[in-house]
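Below is one structure, written out as structure tokens; comments come after it.
Throughout, a chain's letter reflects where its sequence line sits, starting with A, and its residues are numbered from 1. All values below were derived from every heavy atom in this structure, side-chain atoms included, with hydrogens, water molecules and symmetry-related copies excluded.
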Amino acid sequence: MLGAIGVDSIEALFDEIPDRLLCGTLEAMPTAVSEVDASRLMSARARLDGVPTCFIGAGAYDHYVPAAVWQIAARGEFYSASAPCQAEASQGTLQLLYEFQSMMAALTAMDVSNASLYDGASALAEAVLMAVRINRKSKSRRVLVPKSLHPAYRRVAGNIVRNQGIVLEELPYDPAGGHIDPVLLQQYDGLDITALVIPQPNFFGVLEEADTLVEWARVNGAVTVAVVNPLSLSVLSPPGEWGERGVDICCGDGQPLGAPLSSGGPYFGFLCCRQAFVRHLPGWIVGRTLDVDGKTGFTLTLHARNRRTRRSGAASNICTNQGLMVTAATIHMALMGAEGLSRTAASCHSNTLRLGERLSMLPGVSIRFDRPVFHEQVVTLPVAANGVLRTLAAHNVLGGLDLSRDYPELGNAILCCATERRTAEEIEIFTGRLERAVALQGGAPCRLQPKGW
Amino acid sequence: MLGAIGVDSIEALFDEIPDRLLCGTLEAMPTAVSEVDASRLMSARARLDGVPTCFIGAGAYDHYVPAAVWQIAARGEFYSASAPCQAEASQGTLQLLYEFQSMMAALTAMDVSNASLYDGASALAEAVLMAVRINRKSKSRRVLVPKSLHPAYRRVAGNIVRNQGIVLEELPYDPAGGHIDPVLLQQYDGLDITALVIPQPNFFGVLEEADTLVEWARVNGAVTVAVVNPLSLSVLSPPGEWGERGVDICCGDGQPLGAPLSSGGPYFGFLCCRQAFVRHLPGWIVGRTLDVDGKTGFTLTLHARNRRTRRSGAASNICTNQGLMVTAATIHMALMGAEGLSRTAASCHSNTLRLGERLSMLPGVSIRFDRPVFHEQVVTLPVAANGVLRTLAAHNVLGGLDLSRDYPELGNAILCCATERRTAEEIEIFTGRLERAVALQGGAPCRLQPKGW
Amino acid sequence: MRKTRAALPELSELQTVQHFTRLSRKNFSVDTALQPLGSCGTRYTPRGADSLAMLPEFLARHPEAPEGHSQGFLACLYDLQEMLRVVTGMQGISLTPAAGAQGEFAGVAMIKAYHAARQEFERDEMLVSAADHGSKQASVVMCGYKVRSIPTKPDGDIDLASLKTMLGRRTAGVMLTIPSGLGVFDRGIEAVAALVHGVGALLHCDGVNLTAILGKVRPGDMGFDVVHLDLHKGFFAPHGGGGPGAGPVGVSASLLPYLPVPIVGLAGDRYSWLCEQERPESIGRLSAFAGNAGVLLRVYVNLLMLGREGITRVAEYATLNANYLLKELMKAGFEAVHPDRRATHEFGVTLRRQVRELEVSSRDISKRLLDYGVDAPATWFPPIFPECLLLKPAETENKETLDRFVGAMKSILKEAETDPDLVKGAPYRLPVRRLDDVRAARDLDLAWKPANG
Amino acid sequence: MRKTRAALPELSELQTVQHFTRLSRKNFSVDTALQPLGSCGTRYTPRGADSLAMLPEFLARHPEAPEGHSQGFLACLYDLQEMLRVVTGMQGISLTPAAGAQGEFAGVAMIKAYHAARQEFERDEMLVSAADHGSKQASVVMCGYKVRSIPTKPDGDIDLASLKTMLGRRTAGVMLTIPSGLGVFDRGIEAVAALVHGVGALLHCDGVNLTAILGKVRPGDMGFDVVHLDLHKGFFAPHGGGGPGAGPVGVSASLLPYLPVPIVGLAGDRYSWLCEQERPESIGRLSAFAGNAGVLLRVYVNLLMLGREGITRVAEYATLNANYLLKELMKAGFEAVHPDRRATHEFGVTLRRQVRELEVSSRDISKRLLDYGVDAPATWFPPIFPECLLLKPAETENKETLDRFVGAMKSILKEAETDPDLVKGAPYRLPVRRLDDVRAARDLDLAWKPANG
Ligand SMILES: Cc1ncc(COP(=O)(O)O)c(C=O)c1O
Ligand SMILES: Cc1ncc(COP(=O)(O)O)c(C=O)c1O
């Protein structure tokens with residue numbers, strides 16, 4: 001090959017790089033190891049972290065993923081496929097994405113869905129940008145964002161939209177209910193509000209009065225953006241049906257649909273909207289069309305293609321999305337069906353209620369909010385959460401998320417979640433350990449006798 | 001569908017079964033559980049067994065299997081394929097089997113290979129039956145089987161050939177070398193011996209004087225059957241080249257070629273022979289042929305097909321083989337190449353030597369045999385092996401196989417193996433633990449200070 | 001030491017992956033073929049059963065691991081033994097046979113051991129149903145018995161009159177498949193059992209078709225002394241392109257002592273292996289370790305998930321599908337082998353008339369089916385009915401698929417009438433056209449050699 | 001509560017598996033397509049990297065797991081940060097951006113933060129190379145900057161004279177891709193850096209093509225202040241049909257404080273997350289947790305296995321392949337975009353002449369390539385060279401594959417000369433013929449509805 005090129009060494013091919021820039025051997029980069037050695041290292045590190053029993057939710061949920069999902073998603077033909085730029089050679093991926101869009105539309109009761117964004121938080125940022133683009137009448141660029149929305153989502157949205165003069169204004173939550181009290185919105189009546197964000201369930205697991213909020217927004221000319229857990233939509237009212245006409249935009253994180261926890265990613269964000277706004281929807285969108293013989297086929301459509309070509313007017317910079325996670329989610333939804341998803345959701349819900357019941361029987365421990373919850377809930381401890389959680393972790397139980405950093409006003413509060421994978425026995429172990437951990441921190445005395453845990 | 005059939009219930013379809021035979025609901029059979037619940041049960045049981053550090057070999061070796069092997073072998077198109085009876089619809093499996101046969105022929109330096117048998121032990125039984133069929137001149141049905149061959153292989157072969165008047169006669173091993181002393185064979189000079197079985201390496205890991213044994217058999221009209229470890233063939237002389245003309249039949253277990261330990265199976269047996277004997281070879285055999293357009297294709301050939309049809313003259317009852325394990329082995333061999341296999345073999349060998357060196361430095365511990373070994377070796381302890389191994393196991397080290405049941409004459413002996421997966425650190429841990437376990441059983445006093453193991 | 005490196009391929013990982021991925025795509029399989037008609041009884045293995053059988057601890061478990069490190073694994077095998085005991089109605093189970101044929105052999109060997117223990121050495125005949133599978137001949141011969149063939153009546157049941165004349169002091173046993181190889185349930189089974197036992201012989205059941213009557217009627221209740229199952233056919237273990245299988249045997253009280261080892265025992269809450277020492281009358285072990293453990297785990301998980309209700313549902317749906325398909329094919333002008341009988345989960349369609357009138361063979365028709373994307377059934381079984389298609393639609397097929405199959409059969413029939421050469425030349429749409437079997441057997445090419453490219 | 005069940009499919013597991021398996025087979029992919037020409041920089045992910053990143057503990061790790069349960073995982077990320085620091089020559093790395101476009105945004109946002117910290121609010125322009133990717137426009141606008149385009153000279157290098165006139169007090173930064181989008185290494189890069197820094201602006205590198213010069217020359221040494229990598233393109237993470245990706249950013253000392261969080265820190269032998277609190281000047285987090293952790297683990301394992309030697313080999317082989325292919329295509333009569341320049345790992349071939357003379361477009365030619373089993377490159381990038389094919393043969397391709405590609409190009413050229421309609425009608429051999437994009441965008445059909453079947 002060198003002969004054909006007309007050079008006598010590979011090095012010669014790099015002769016346009018100025019010599020003084022060449023870096024030479026990178027001594028600080030380790031030398032190669034074999035797959036066996038890599039496996040030894042990685043297994044040891046994995047073992048170090050172990051698999052504690054997880055009662056943390058807070059945006060990432062320990063659901064069971066049926067084995068079929070990843071066995072199929074991991075097929076080389078999905079896994080190693082490039083982006084579906086050549087539609088005719090990517091009908092597998094494209095039809096799957098069309099099916100994904102269809103299922104997300106069905107689940108959210110919205111008209112259309114895109115083919116994914118990075119994650120739920122960045123999807124919210126895109127949703128806010130989209131709301132600003134849509135709401136031409138509004139000049140304020142003021143977006144109301146409840147404090148009961150996931151703190152990381154609020155931060156991410158802020159970081160991404162910050163440089164475009166958009167103001168995210170915090171809506172406080174009701175101290176008793178943990179939700180947005182609709183009365184509170186009256187102060188904004190008649191003001192120029194560009195958009196209202198509505199989490200459902202919210203970060204505390206609490207259910208918002210979604211219908212009322214949507215109606216308020218409609219009357220006040222604010223675009224509505226729902227942030228939802230897709231699994232919850234198998235049992236809760238879908239955003240497309242909130243209020244009289246449903247929300248305008250709906251986004252969230254697809255993790256509960258087949259993505260393992262895997263330290264926070266890859267998951268995927270989804271974004272759905274009304275048909276009228278489809279030309280503002282960022283990310284890839286797949287459309288059904290015909291080939292020259294009149295046969296049905298699928299292709300990327302709308303600006304998705306153009307974004308890669310045109311250098312101006314692009315409203316979002318998204319190119320790569322989370323294709324493989326969407327592949328898994330699509331298989332997951334097809335496999336579970338609405339029936340299966342609602343069974344999982346119901347099972348999570350009853351586990352969470354059982355957990356709440358057990359924990360709140362401990363002295364000094366109580367459920368923080370009095371509104372109905374889905375999937376997770378805030379529990380108040382009689383002592384600082386930090387130490388208690390550390391003690392639990394030492395016994396291989398991750399007892400929940402410490403809320404003191406993001407919500408100091410809640411005192412010793414933790415956010416707890418029990419998915420369908422948690423057993424009654426694990427809930428008992430958690431309860432027992434929590435009681436003793438609290439006692440250890442100088443809280444209420446231990447009522448239970450050690451049972452050989 | 002019931003209507004089309006003309007019955008009004010599914011039960012009616014079972015109306016030819018006499019009523020009094022119907023079993024009714026099987027109360028003793030548990031009711032169905034979901035995949036989540038099954039996963040909980042199985043994970044708990046798996047965790048119970050753990051993953052101890054394994055120094056046992058004895059016919060099943062803890063080799064690293066590159067991830068690519070099973071990711072490809074597990075593709076639905078291989079995994080859920082039925083037997084390749086319709087050749088045109090099974091070209092994937094059939095070409096793969098042809099490639100397997102080719103690689104096994106190359107590795108063993110034999111002319112032909114079948115497409116697998118159940119395991120190494122039953123493959124030996126088939127090899128013995130084949131030897132008896134081939135050796136028409138011999139009337140004795142006496143087959144010499146060295147005691148240095150795997151005890152389970154000897155038992156299985158005996159159990160399978162027992163009812164056909166075949167006598168497996170035990171050849172003792174040399175007490176110093178652990179091999180068959182060729183001098184010993186002189187007692188059989190000129191007698192009617194149907195076949196001689198030659199393990200290489202033998203059960204003790206010791207290398208036999210294969211060339212001399214093969215030549216003895218040739219002179220004495222005995223068919224030779226080699227039992228080999230396929231991985232070892234990447235570095236040791238292949239059976240097809242032993243003596244002047246090589247062996248007649250060669251068999252063994254394919255586990256080292258990509259099969260995880262998985263409690264003893266599924267592995268696969270392989271069976272190779274000279275071209276002249278191919279019509280006696282049991283199991284499936286794939287041949288290359290042409291289709292009506294002259295294009296190359298592959299199909300089951302020889303008696304493999306006939307066995308399924310004809311009711312007489314079949315010499316072996318084998319139908320189902322170990323197809324999927326062969327799929328993995330073929331991918332494994334293609335991926336590793338001769339180069340990769342010999343690197344693994346060399347690495348096992350040096351680990352085993354290092355282990356021997358370290359162990360034999362302990363007081364009262366010694367290497368039992370003085371002949372060269374491959375892959376594993378017999379170690380003599382100063383106290384009963386049983387208790388020592390139990391103590392080691394309690395520390396999550398499987399220290400080797402206790403030989404006292406099958407070879408009481410060896411005293412406190414264990415068979416130890418260190419594959420390429422064992423690290424220097426693990427060998428040190430084993431050494432240290434062994435020393436203390438021996439001391440605990442009242443053996444030599446402990447020389448080493450505890451190092452925080 | 002090896003002198004020349006073995007001629008294995010030397011490929012990069014990507015080349016290897018590409019090669020075998022492409023090969024896999026040349027196969028029909030349950031996961032891909034349009035209408036897999038249960039050829040060889042291939043069934044879908046739920047992906048969950050597969051994953052849970054391959055938990056890392058199970059894959060890493062050495063077959064010689066001490067019982068202390070094996071309680072989880074042994075518990076699974078023990079539970080599986082119990083489940084199979086319940087569904088077969090037998091007194092004891094050994095899981096160890098590696099496939100149906102080995103289970104069949106084990107059954108005959110146990111019968112031999114039983115008579116030997118009674119010193120009844122004059123029993124040297126096995127009576128085998130004429131409709132039965134070719135492997136029986138070999139299994140019987142391997143145990144040193146002679147085979148005699150029992151005729152069936154035109155309706156498919158055993159001809160009791162003939163049986164009576166054949167039974168006697170030389171009869172060791174009688175071997176049947178139930179439901180039979182042509183899919184009929186022998187209505188005289190109780191009479192058969194009584195006659196057989198009346199002369200002191202034992203009754204042997206090939207359980208390959210047991211799926212058809214699972215949870216309805218049990219071999220133990222029908223009077224069988226031994227039954228072997230084919231877990232990779234009727235019991236949802238994957239077929240893997242021809243294996244691995246598992247062929248557990250169940251026995252009545254009279255054969256209990258002879259069951260092949262190892263078996264899993266339970267004392268208190270501790271599981272242990274029962275081997276040669278514990279079971280001295282056993283016919284011994286049939287493979288080096290405990291058979292195809294990984295296959296057994298898959299089946300165990302699957303039975304857990306099916307449960308009591310599920311197994312009956314499998315039998316019912318399979319039977320429903322078969323009877324529907326039979327009726328529809330008869331409507332379409334095809335002739336049933338046993339038109340007056342219920343189909344079980346399979347049935348035969350004879351193409352005698354078509355072959356006579358149209359000069360196409362059943363083989364031509366099955367090859368043409370491949371062009372329709374149907375994994376066609378074998379046409380060489382059962383041997384007593386030439387030009388017969390044996391059809392076995394799995395319980396997982398739905399009405400649409402069955403109707404598509406009937407449609408394909410109809411159009412092939414039309415093709416055969418109008419353009420027989422089209423059918424004779426089939427297949428056209430597969431990776432190869434029809435292969436030359438004769439050439440394959442004559443110009444044997446069983447391994448790649450540098451010379452033959 | 002939801003009133004009507006969502007219209008998701010309700011399928012059996014087998015139906016689901018079959019449907020998605022069949023869909024997968026309609027894709028071209030690295031594992032299956034004959035000559036994947038690195039479209040979008042897609043590369044083969046070694047299966048080992050994949051498996052080791054998916055060890056059960058990593059998959060089960062909750063993103064909010066305490067650091068005590070995260071040391072193994074954090075160690076991997078920390079090591080990856082260090083490796084990327086070494087290979088880019090930058091001062092600090094943040095792994096968190098989810099894809100190239102998010103890394104690009106992060107880079108611009110950091111430049112904004114840098115100038116803001118210096119109160120240099122008059123800097124409101126970003127200069128972007130005219131040859132560059134469309135996402136830049138959007139990323140820049142999202143940060144509130146204006147875009148100006150820098151011309152390149154005919155030889156592909158930046159036009160320094162023009163650059164000089166454009167730089168000034170309003171310049172916030174200059175954005176380049178190196179090697180450029182057309183595969184040339186800018187020989188004047190040092191001069192560019194000096195000019196940019198001379199006016200107080202910063203230099204931003206799109207590292208999507210860094211693979212081409214890995215281990216040869218580093219952005220840090222060339223004077224870049226920020227670089228973002230595309231791990232799913234040049235760094236061997238799978239492409240997954242369009243994601244997930246990972247787009248780590250590396251920065252010079254001046255931008256260190258602004259790196260997006262979280263970052264992994266090491267104090268003593270303990271790893272920890274550095275988040276908003278620890279890094280108050282950070283531009284913040286860009287996704288809810290830590291980006292696409294699973295992708296990062298894959299890349300880490302792969303870099304371990306490549307090592308110091310491997311990364312240079314990747315650059316060398318990729319460059320060798322590109323230069324060879326370029327020369328062979330030029331011999332075959334194709335015209336290079338930059339005939340007098342070395343190719344890096346990619347190069348452009350312009351079809352201007354063919355388009356003019358033969359009336360086929362580059363799009364026709366790329367569609368026809370699909371019929372030859374080649375995953376054709378996109379034809380709409382780079383925007384400044386219409387009718388151009390951008391070719392990027394991966395380092396894993398061998399000479400035979402490249403020659404086959406040249407052969408395909410030659411025959412398509414011949415086809416275009418003799419039968420242009422053939423080329424214009426392509427593709428013919430794919431699941432669909434050429435798709436109607438215009439119809440897709442006009443008659444939007446983005447989700448299945450009962451009505452449209
Ligand atoms: C009726 C019957 N019995 C026994 C066997 C042998 O079973 P296996 O293939 O599992 O060894 C078969 C399979 O070919 C069969 O169809
Ligand atoms: C040159 C260049 N820069 C940036 C991007 C965006 O990267 P990503 O797709 O990872 O977001 C791309 C990919 O389309 C690209 O080709």
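Side-chain N/O atoms of D:Asn27 and A:Thr93 include a donor and acceptor closer than 3.5 Å. Residues D:Asp445 and A:Tyr98 have side chains that bring a donor and an acceptor to within less than 3.5 angstrom of each other.
Within the 4.5 angstrom heavy-atom criterion, only backbone atoms of A:Phe298 (N, CA, C, O) approach chain D. Interface residue A:Leu13: backbone and side-chain heavy atoms are both found under 4.5 Å from chain D. Both the backbone and the side chain of A:Leu233 have a heavy atom closer than 4.5 Å to some heavy atom of chain D. The contact between A:Ile10 and chain D is made entirely by side chain atoms (from C-beta outward), counting heavy-atom distances below 4.5 Å. In this structure, the portion of A:Val7 lying under 4.5 Å from any heavy atom of chain D is its side chain and not its backbone. With a 4.5 Å cut-off on non-hydrogen atoms, A:Val286 touches chain D through its backbone but not through its side chain.
Listed by chain and residue number, D:Leu55, D:Glu57, D:Phe58 satisfy the side-chain contact (heavy atoms from CB on, under 4.5 Å) test with A:Ala46 (two or more places apart in sequence, or in another chain). Applying the side-chain contact (heavy atoms from CB on, under 4.5 Å) test to D:Ala75 and every residue at least two apart in sequence or in another chain returns A:Arg45, D:Tyr271.
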Candidate pair A:Thr299 and D:Asp437, rule side chain to side chain donor-acceptor pair (under 3.5 Å), full reasoning
CA-CA 7 Å; A:Thr299 183; D:Asp437 288 336; 3.3 Å; yes

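One finds no salt bridge joining D:Arg25 and A:Glu77 here, because no Lys/Arg side-chain nitrogen approaches an Asp/Glu carboxylate oxygen to under 4.0 Å.
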